[in-house]
Amino acid sequence: MVDLILDHARRDPGQSLGVIAFGSHHADDIEEGLRRRLSAENGHTLDEFFAVARGEPFFVKNIERVQGDERDVIILSVGYHKAGNGTLPYRFGPLNQEGGERRLNVAITRARSRVHLVAGFSHHDMDPGRSASEGVELLRQYLEFAASGGTEMGGSLSDEPLNAFELNIMRQLERRGVPVTPQYGVAGYRLDFACGHPEQPGRMVLAIEADGAAYHSTPTARDRDRLRQQVLEGLGWRFHRIWSTEWFRDPEGQADLAYEAWRKAVDLADVHDVPVVVESADDEDVVDEGVTPVAESPGRGPRHLVTPGFPITEYSQRQLVALAEWVLSDTLLRTDEDLLRELRQELGFKRGGSRINAALLAAIGIARSRRKCDPSGEKVEDGN
């Protein structure tokens, strides 16, 4: 780990760097090893790279301390290892605990440019059925993904044939011009359908899941209805659900709704390609204590109870969507940039970075979609 850090500092000092260790003791060991090496080598030539005052300073953190931190390059150090007899103890610290999958999701999405994964074992050493922890299973899948160089996420297909319900969905989407790939993903974690960008081949913008065979084979309702969607949305996907009962009742109408969800996902993806004008490029959740959001505004009802002053990661998507719907309820015309500015003010942020803007843009897209589906302005509950 120390060699990797110093190699980056010497070869690519213009790119910011962060190290995420899966355990707190391992993080301490890395910091101590780096300190000793720098002291022994009298490496003053690297002082500028490791300076605390640097715009995005180097850090070493354990997986529980990483929240909004983003760097150009992230080194993930798993830190756990096999026992002397060659077996792998299933003691993965925070990943074994409830919410471990969310910590892993945060850790693997902190890099803007690239991730280096360091581990003393591979996915072949892990038994998919041994642990009930979602975090441990997602670690196994991530190791498999990394071992493939990311190629398996390029739309690899399962050997399982599509059933009549799934074939009907795919044909309806293709008939409407949607580039759709069935059974997208890696073994053990496949989407029913991934829909691509019409002008950027290989870029997926929408996940569509149906309550077919894969849905009913998932062990718990929480996994089926909540966790998969939360993980996908946390990774930047837009998500749409197709219910078989609704499809059989009105296949054309449901296909149209899926098409509209895809179009909105494409629009949102295009928005993310355009730099958003913000007060600062800093991505920290800086709260302006002088901002007092109003409780009511002309043309709107009472403000949805979303308490300002917390980091963006503390708000659920449901809360952000509800706030966006409240702002839109006065029916005034606004651009997404106007809405971003107003939502940031309502939540008490005096600046917005990529993480804040991404969460708010996703909420804006959902809120606009709901208002378009229901011109009366009444809130439309989602199907989950």
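Just so it is clear, the structure is predicted and the values come from calculations on it, not from any experiment.
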Could you report the tightest heavy-atom contact between Phe193 and Glu166, atom names first, then the distance? CZ-O, 3.4 Å
So, for Val180 and Cys195, which heavy atoms are closest and what is the spacing to 0.1 Å? CG2-SG, 4.3 Å
Quick one: list whatever passes side chain to side chain contact (heavy atoms under 4.5 Å, CB included) with Asp256, sequence neighbours left out. Arg176
Between CH2 of Trp326 and CG of Leu343, what distance do you get to the nearest 0.5 Å? 9.5 Å
Can you check side-chain contact (heavy atoms from CB on, under 4.5 Å) on Val2 and Leu4, steps first, answer last? CA-CA 5 Å; Val2 172; Leu4 281 175; over 6 Å; no
Can you list the steps and then say if Phe121 with Val78 is a side-chain contact (heavy atoms from CB on, under 4.5 Å)? CA-CA 9 Å; Phe121 57 92; Val78 177; 3.9 Å; yes
Listed partners of Ala363 passing side chain to side chain contact (heavy atoms under 4.5 Å, CB included), at least two apart: Leu320, Val321
Got a second to check how far Arg241's CZ is from Gln254's CD, nearest 0.5 Å? 12.5 Å
Would you say Leu95 and Glu101 make side-chain contact, with heavy atoms under 4.5 Å? no
Before we go on, tell me: are the rings of His123 and Tyr142 under 6.0 Å apart, centre to centre? no
Determine, stepwise, if the pair Arg71 / Glu56 fulfils side-chain contact (heavy atoms from CB on, under 4.5 Å). CA-CA 7 Å; Arg71 295 295 185 267; Glu56 286 192 337; 3.9 Å; yes
Heavy-atom check, side chain of Leu340 versus side chain of Asn357, under 4.5 Å: yes
Would you find a donor on one side and an acceptor on the other, under 3.5 Å apart, between the side chain of Thr87 and the backbone of Ala83? no
Polar side-chain atom of Arg103 near backbone of Val66 as donor-acceptor pair, under 3.5 Å: no
Pairwise side-chain contact, Asp47 with Leu38, heavy-atom cut-off 4.5 Å (strictly under): no
Go through the structure and list residues passing side chain to side chain donor-acceptor pair (under 3.5 Å) with Glu246, not counting sequence neighbours. Arg249
Using the salt bridge (Lys or Arg N to Asp or Glu O under 4.0 Å) criterion, which residues pair with Glu32? Sequence neighbours excluded. Arg35, Arg36
Do Leu138 and Asn105 come close enough that some side-chain heavy atom pair is under 4.5 Å? no
Residue pairs meeting side-chain hydrogen bond (donor to acceptor under 3.5 Å, both in side chains), one or both in residues 57-66, sequence neighbours left out, come to Lys61-Asp69
Please report the interatomic distance CD(Glu31) to CG(Leu34), rounded to the nearest 0.5 Å. 8.0 Å
Is Ser244 reaching over with its side chain to a backbone N or O of Ala210, donor-acceptor style, under 3.5 angstrom? no
Side chain to side chain donor-acceptor pair (under 3.5 Å) against Asp72, all qualifying residues, sequence neighbours excluded: Ser16, Arg112
Main-chain N/O of Val73 paired with His116 side-chain donor or acceptor, under 3.5 Å: no
So how far is it from Ile242 CD1 to Leu173 CG, rounded to the nearest 0.5 Å? 6.0 Å
Closest contact, heavy atoms only, Leu268 versus Ala362: CD2-CA, 4.0 Å
Run the side-chain contact (heavy atoms from CB on, under 4.5 Å) test on Asn168 and Trp247 for me, step by step, so that the C-alpha distance in whole Å, both residues' side-chain angles and the decisive distance to 0.1 Å come before the verdict. CA-CA 10 Å; Asn168 195 359; Trp247 182 271; 3.4 Å; yes
Is any side-chain heavy atom of Leu6 less than 4.5 Å from a side-chain heavy atom of Phe50? yes
What residue pairs, at least two apart or across chains, pass salt bridge (Lys or Arg N to Asp or Glu O under 4.0 Å) with a residue in residues 2-14? Asp3-Arg37, Asp7-Arg11, Arg10-Glu41, Asp12-Arg114
Do you know which two heavy atoms are closest between Leu143 and Ser122, and how far apart they sit? CD1-C, 4.2 Å
Cut-off 3.5 Å, no hydrogens considered: what does the side-chain donor-acceptor table look like for residues 20-27, sequence neighbours left out?
residue : atom : partner : partner atom : Å
His26   : NE2  : Ser77   : OG           : 2.6

Side chain Asp338, main chain Thr335, donor-acceptor under 3.5 Å: yes
Leu167: side chain to side chain contact (heavy atoms under 4.5 Å, CB included) partners, not counting sequence neighbours: Leu162, Met170, Arg171
Salt bridge (Lys or Arg N to Asp or Glu O under 4.0 Å) partners of Arg91, counting only residues at least two apart: none
Does a side-chain N-to-carboxylate-O contact under 4.0 Å join Arg341 and Glu346? no
Residues forming a salt bridge (Lys or Arg N to Asp or Glu O under 4.0 Å) with Arg130, sequence neighbours excluded: none
Less than 4.5 Å apart, any side-chain heavy atom of Leu76 and any of Ile74? yes
Measuring from atom CD1 of Ile5 to atom CD1 of Ile30, what distance do you get when rounded to the nearest 0.5 angstrom? 6.0 Å
Side-chain contact test, heavy atoms from C-beta onward, threshold under 4.5 Å: evaluate it for Ile312 versus Phe349 and give yes or no. yes
Test: ring-ring contact (aromatic ring centres under 6.0 Å, His included). Region: residues 62-114. Which pairs qualify, not counting sequence neighbours? Tyr80-Phe92, Tyr90-Phe92
Looking at NE2 of His8 and CG of Leu46, how far apart are the two atoms once the value is rounded to the nearest 0.5 Å? 11.0 Å
For Asp192 and Ile208, work out which heavy atoms get closest and say how close. CB-O, 3.4 Å
Which heavy atom of Leu104 sits nearest to which heavy atom of Leu139, and what is that distance? CD2-N, 3.5 Å
Sidechain-backbone polar pair: Trp262 side chain, Pro179 backbone, donor-acceptor under 3.5 Å: no
